[in-house]
Amino acid sequence: MKAKNIILTGMAGAGKSTVGVLLAKRLGMDFVDTDLLVQQKAGRLLQEILDEDGIDRFLEIEESVVSGLRVTNCVVATGGSVVYSEKAMTALGREGKICYLDVPYEELERRLTNVSTRGIVIKKGKTLRDVYDERLPLYKKYSDFTIDCAAADIETCVDRIMQCLSSRQY
């Protein structure tokens, strides 16, 4: 039987990459960060892609990278904007279980001190709050399960994912 993947989604600042590395270590799985794959494909940082090519091109690159991802027995940390692509989310869902790391907006705002340089897809005239409100229903729509990461440290988030996985005999 092919080992399944665990896909982490959520806003920038939710802890997908940090949680993902620890989760992969605990489960003896590989780890992939799709933001790094996007940067490798483009040969530039996320923010440079957004600044130089625009949001639409960034989302095209992200969709191409994520849709073409072929990994097994892997924890995958996705970019926060991947939920804009039904094609990418469908591909991820076929390859594993999607876990939404839910962090309240106010906590994200405290964590994200570098919004303008972090490579976050925010359309002109929109705020981080607008992006959060727009993406929240998409994260919920595509996730197999949600982990409440409010005021939780990284280890607690990993523990919660582990509990959820074991209760589902994943």
Side-chain angles (χ1 to χ4, degrees), residues 1-50 52-103 108 118-123 131-149 157-158 160-162 164-170:
M1 184 179 117
K2 185 173 93 163
K4 283 284 192 178
N5 300 308
I6 300 165
I7 295 97
L8 304 178
T9 63
M11 286 289 292
K16 299 178 298 289
S17 297
T18 310
V19 167
V21 168
L22 288 178
L23 183 64
K25 278 185 178 180
R26 276 229 213 146
L27 293 170
M29 297 174 81
D30 293 328
F31 174 76
V32 170
D33 186 323
T34 64
D35 278 347
L36 297 178
L37 297 178
V38 167
Q39 287 183 162
Q40 286 172 355
K41 181 171 183 168
R44 292 174 284 160
L45 298 174
L46 300 178
Q47 191 61 53
E48 290 172 346
I49 302 165
L50 286 165
E52 296 167 15
D53 298 353
I55 289 174
D56 290 342
R57 179 66 184 132
F58 177 91
L59 293 173
E60 285 173 17
I61 295 168
E62 182 176 57
E63 180 179 81
S64 169
V65 166
V66 174
S67 297
L69 193 62
R70 298 292 175 262
V71 294
T72 305
N73 195 38
C74 194
V75 176
V76 179
T78 62
S81 56
V82 75
V83 291
Y84 291 131
S85 169
E86 185 173 351
K87 178 181 178 184
M89 293 307 297
T90 300
L92 288 169
R94 277 195 306 266
E95 298 298 320
K97 295 294 179 190
I98 300 175
C99 170
Y100 166 47
L101 300 184
D102 186 13
V103 177
L108 288 172
R118 187 168 169 143
I120 300 172
V121 172
I122 300 178
K123 294 179 180 144
V131 172
Y132 178 85
D133 291 342
E134 181 177 77
R135 291 183 186 176
L136 189 60
L138 295 172
Y139 291 131
K140 290 179 177 179
K141 171 185 173 183
Y142 290 115
S143 67
D144 293 303
F145 59 99
T146 298
I147 300 297
D148 179 5
C149 297
C157 292
V158 172
R160 289 176 181 169
I161 295 170
M162 297 287 290
C164 202
L165 294 173
S166 66
S167 70
R168 297 177 197 282
Q169 284 107 36
Y170 176 68

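The basis for the numbers below is simple: all heavy atoms, side chains too, and nothing from hydrogens, waters or symmetry mates. None of these values were measured; they are calculated from a predicted model.
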Task: Derivation of the side-chain contact (heavy atoms from CB on, under 4.5 Å) call for I7 and K97 - done: CA-CA 6 Å; I7 295 97; K97 295 294 179 190; over 6 Å; no
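Remark: E48 CD is packed, more than 12 non-hydrogen atoms of other residues, nucleotides or ligands lying under 6.0 Å away.
Looking only at distances, no side-chain donor or acceptor of S67 sits under 3.5 Å from a matching main-chain atom of S64. Looking only at distances, a side-chain donor or acceptor of Q39 sits under 3.5 Å from a matching main-chain atom of L46. Judged by distance alone, the side chain of T34 and the main-chain N or O of L37 form no donor-acceptor pair under 3.5 Å. Under a 3.5 Å cut-off, the side chain of N5 and the backbone N or O of N73 do form a donor-acceptor pair. No donor-acceptor pair under 3.5 Å is formed between the side chain of Y142 and the backbone N or O of P137.
In this structure, the side chains of L165 and F145 come closer than 4.5 Å at one or more pairs of heavy atoms. Considering only heavy atoms from C-beta on, I161 comes within 4.5 Å of C99 through its side chain. Y132 is listed as a side-chain neighbour of L108, based on a closest heavy-atom distance under 4.5 Å. Contact of the I6 side chain with the L8 side chain is registered, since non-hydrogen atoms from C-beta on lie closer than 4.5 Å. Between L45 and I49 there is no side-chain heavy-atom pair separated by less than 4.5 Å. Contact check for V32 versus V75: no side-chain heavy atoms found under the 4.5 Å cut-off. Counting only heavy atoms from C-beta outward, the side chains of V158 and R26 approach each other to under 4.5 Å. Using a 4.5 Å heavy-atom threshold, the side chains of L136 and K141 count as separate.
The shortest non-hydrogen separation linking V82 to A88 is CG2-CB, 3.8 Å. Residues D144 and G96 share a closest heavy-atom pair of OD2-O, 3.9 Å. The two residues V38 and E62 make their nearest non-hydrogen contact at CG2-CA, 3.9 Å. Closest of all the heavy-atom pairs between V83 and M89 is CA-CG, 3.8 Å. The minimum heavy-atom distance between I122 and I55, with the atom names listed, is O-CD1, 3.6 Å. Of all non-hydrogen atoms in G10 and K16, the two that sit nearest each other are O-NZ, 2.9 Å.
Contacts of D53 classified as side-chain hydrogen bond (donor to acceptor under 3.5 Å, both in side chains), with partners at least two apart in sequence or in another chain: R44. Residues passing the side-chain hydrogen bond (donor to acceptor under 3.5 Å, both in side chains) test with S143: none are found, sequence neighbours excluded. Residues satisfying the side-chain hydrogen bond (donor to acceptor under 3.5 Å, both in side chains) criterion with T78, sequence neighbours excluded, are absent altogether. Taking Y84 as the reference, nothing meets the ring pair (Phe, Tyr, Trp, His ring centres under 6.0 Å) condition, with sequence neighbours excluded. Remark: S17 engages D33 in a side-chain hydrogen bond (donor to acceptor under 3.5 Å, both in side chains) (not counting sequence neighbours). Residues satisfying the ring pair (Phe, Tyr, Trp, His ring centres under 6.0 Å) criterion with F58, sequence neighbours excluded, are absent altogether.
Atoms CD and CD, on Q47 and E52 in that order, are 10.0 Å from each other to the nearest 0.5 Å. Taken from CZ in R160 to SG in C149, the straight-line distance is 7.0 Å, to the nearest 0.5 Å.
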